[in-house]
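What you see below is based on every heavy atom in this structure, not just the backbone, and it leaves out hydrogens, waters and symmetry mates. All of these numbers come straight from a predicted model, not from anything done at the bench.
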Amino acid sequence: MFDYTKPEVRSFLISNAVFWLEDLHLDGIRVDAVASMIYYNLEKTEMDVKVYNIHGEGINLEAVDFLKQLNTAVSDILPDTLMIAEESTAWPMITHPVQEGGLGFDFKWNMGWMNDTLTYMKLHWTERKHYHHLLTFSGVYAFSERFILPLSHDEVVHEKNSLLGKMPERRRNSFHSSAFFMAIWPPIPERRFFLWEVSLVPMMNGVTRKSLHGTF
């Protein structure tokens, strides 16, 4: 964890962000684990020593201020680039302007939508009729932030399986469920982002490139 109270640490981190965007011509940066920056005790257990700020809250005020400073600097220097927050809690105003009390990000990954939708898709089609709320719940908060609907690499690593591998059916029917998932994705009024490593092919034994041809 960085010490955000030190100006030299802030300068180092902001300079790195600007370098990647300006010199290496990235279109944007996804800031990972924003919640872990904001909350001191996010993943601590009851046995761990808790840390609190001067107000007795478990919020890292310096980290919050740093994120505002980072996004302001990037916006001023490179206004055509994007800053995206991977933030898994309900911290408010992630994508609102800094001058309005927000953190100043351009977009926020909608982790809740991703988790709910994948949970729904893992169900057998005969069971899904009891869980339609998993598809609709994100509409309750959809316009509170500027969301991106991600299919994240986080859902593939550590043997979590590919998109096809998550489907409960076998072989051809798993393609049908995957096609259904891709069909319900675009109509949702938020941006979409596909970052799904090894998204389709690694799956059941006996499925070859030839047997996949023409499946859709």
Enquirer: Answer yes or no: is there a donor N or O on one side and an acceptor on the other, between the side chain of Ser11 and the main chain of Pro7, under 3.5 Å?
Expert: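 Not a single qualifying donor-acceptor pair exists.
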Enquirer: Does Lys129, at its NZ atom, have more than 12 non-hydrogen atoms belonging to other residues, nucleotides or ligands within less than 6.0 Å?
Expert: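 No.
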Enquirer: So do Ile148 and Ile84 actually touch side chain to side chain, heavy atoms under 4.5 Å?
Expert: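 Of all side-chain heavy-atom pairs linking Ile148 with Ile84, at least one is under 4.5 Å.
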Enquirer: If you draw the axis of the six-membered ring of Phe66, does the NZ or CZ of Arg10 fall within 45° of it and under 6.0 Å from the ring centre?
Expert: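 Arg10 over Phe66 ring: no.
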Enquirer: Do Thr81 and Leu26 touch side chain to side chain, with heavy atoms closer than 4.5 Å?
Expert: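 Thr81 does not reach Leu26 side chain to side chain.
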Enquirer: Drop me the distance from Tyr4's OH to Leu13's CG, to the nearest 0.5 angstrom.
Expert: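 Output value for this atom pair is 6.5 Å.
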Enquirer: Counting only N and O atoms by type, is there a donor-acceptor contact under 3.5 Å from the side chain of Asp48 to the main-chain atoms of Thr45?
Expert: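 Flag set: sc Asp48 to bb Thr45 pair under 3.5 Å.
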Enquirer: Using distance alone, with no hydrogens and no angle criterion, decide if Asp116 and Thr119 have a side-chain donor and acceptor under 3.5 Å apart.
Expert: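 Absent: no donor and acceptor within the cut-off.
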Enquirer: Drop me the distance from Ile59's CD1 to Trp91's CH2, to the nearest 0.5 angstrom.
Expert: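 So the gap between those two atoms works out to 4.0 Å.
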Enquirer: From Ser88 OG over to Trp109 CH2, what is the distance, rounded to the nearest 0.5 angstrom?
Expert: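 Reported to 0.5 Å precision, the distance equals 12.5 Å.
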Enquirer: Please tell me if the side chains of Ile29 and Leu82 come closer than 4.5 Å, counting only heavy atoms from C-beta onward.
Expert: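 No, too far: nothing below the 4.5 Å cut-off.
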Enquirer: Going by an N to O cut-off under 4.0 Å, is there a salt bridge joining Asp32 and Arg30?
Expert: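 Yes, this pair counts.
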Enquirer: Please check this pair: side chain of Ser75 against backbone of Asn71, looking for a donor-acceptor N/O pair closer than 3.5 Å.
Expert: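 The answer is no, because no donor-acceptor pair under 3.5 Å joins these two groups.
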Enquirer: Once you round to the nearest 0.5 Å, how far does CG of Leu134 lie from NZ of Lys122?
Expert: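 Those atoms lie 11.5 Å apart.
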Enquirer: Working to the nearest 0.5 Å, report the span between CD1 of Ile77 and CD of Glu22.
Expert: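 One finds 7.0 Å between CD1 of Ile77 and CD of Glu22.
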Enquirer: Going by atom types alone, do Glu87 and Thr89 pair a side-chain donor with an acceptor below 3.5 Å?
Expert: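 The criterion, which ignores hydrogens and geometry beyond distance, is satisfied for Thr89 and Glu87.
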Enquirer: Classify the ring geometry between Tyr120 and His132 as parallel (under 30°), tilted (30 to 60°) or perpendicular (over 60°).
Expert: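 Tilted: the ring planes of Tyr120 and His132 meet at 30° to 60°.
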Enquirer: Is there a side-chain contact between Met83 and Val31 in this structure, where contact means two heavy atoms from C-beta onward sitting under 4.5 Å apart?
Expert: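 Sidechains of Val31 and Met83: in contact.
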Enquirer: How far apart are the closest heavy atoms of Asn41 and Gly58, and which atoms are they?
Expert: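 In this case the closest contact between Asn41 and Gly58 is ND2-CA, 4.0 Å.
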Enquirer: Please determine whether a side-chain nitrogen of the Lys or Arg among Lys108 and Glu145 lies less than 4.0 Å from a carboxylate oxygen of the Asp or Glu.
Expert: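 So Lys108 does not pair with Glu145 through a salt bridge.
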Enquirer: What's the separation between atom OG1 in Thr95 and atom CG in Leu103, rounded to the nearest 0.5 Å?
Expert: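 It is 9.0 Å, given to the nearest 0.5 Å.
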Enquirer: Count the heavy atoms belonging to other residues, nucleotides or ligands that lie under 6.0 Å from CG of Asp27, then report whether that count exceeds 12.
Expert: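 For Asp27, atom CG is not crowded (no more than 12 foreign heavy atoms under 6.0 Å).
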Enquirer: Under 3.5 Å, is there a donor-acceptor pair between the Asn110 and Tyr141 side chains?
Expert: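 Distance-only check passes for Asn110 and Tyr141.
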Enquirer: Is atom NZ of Lys6 surrounded by more than 12 heavy atoms (other residues, nucleotides or ligands) closer than 6.0 Å?
Expert: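 No, not enclosed.
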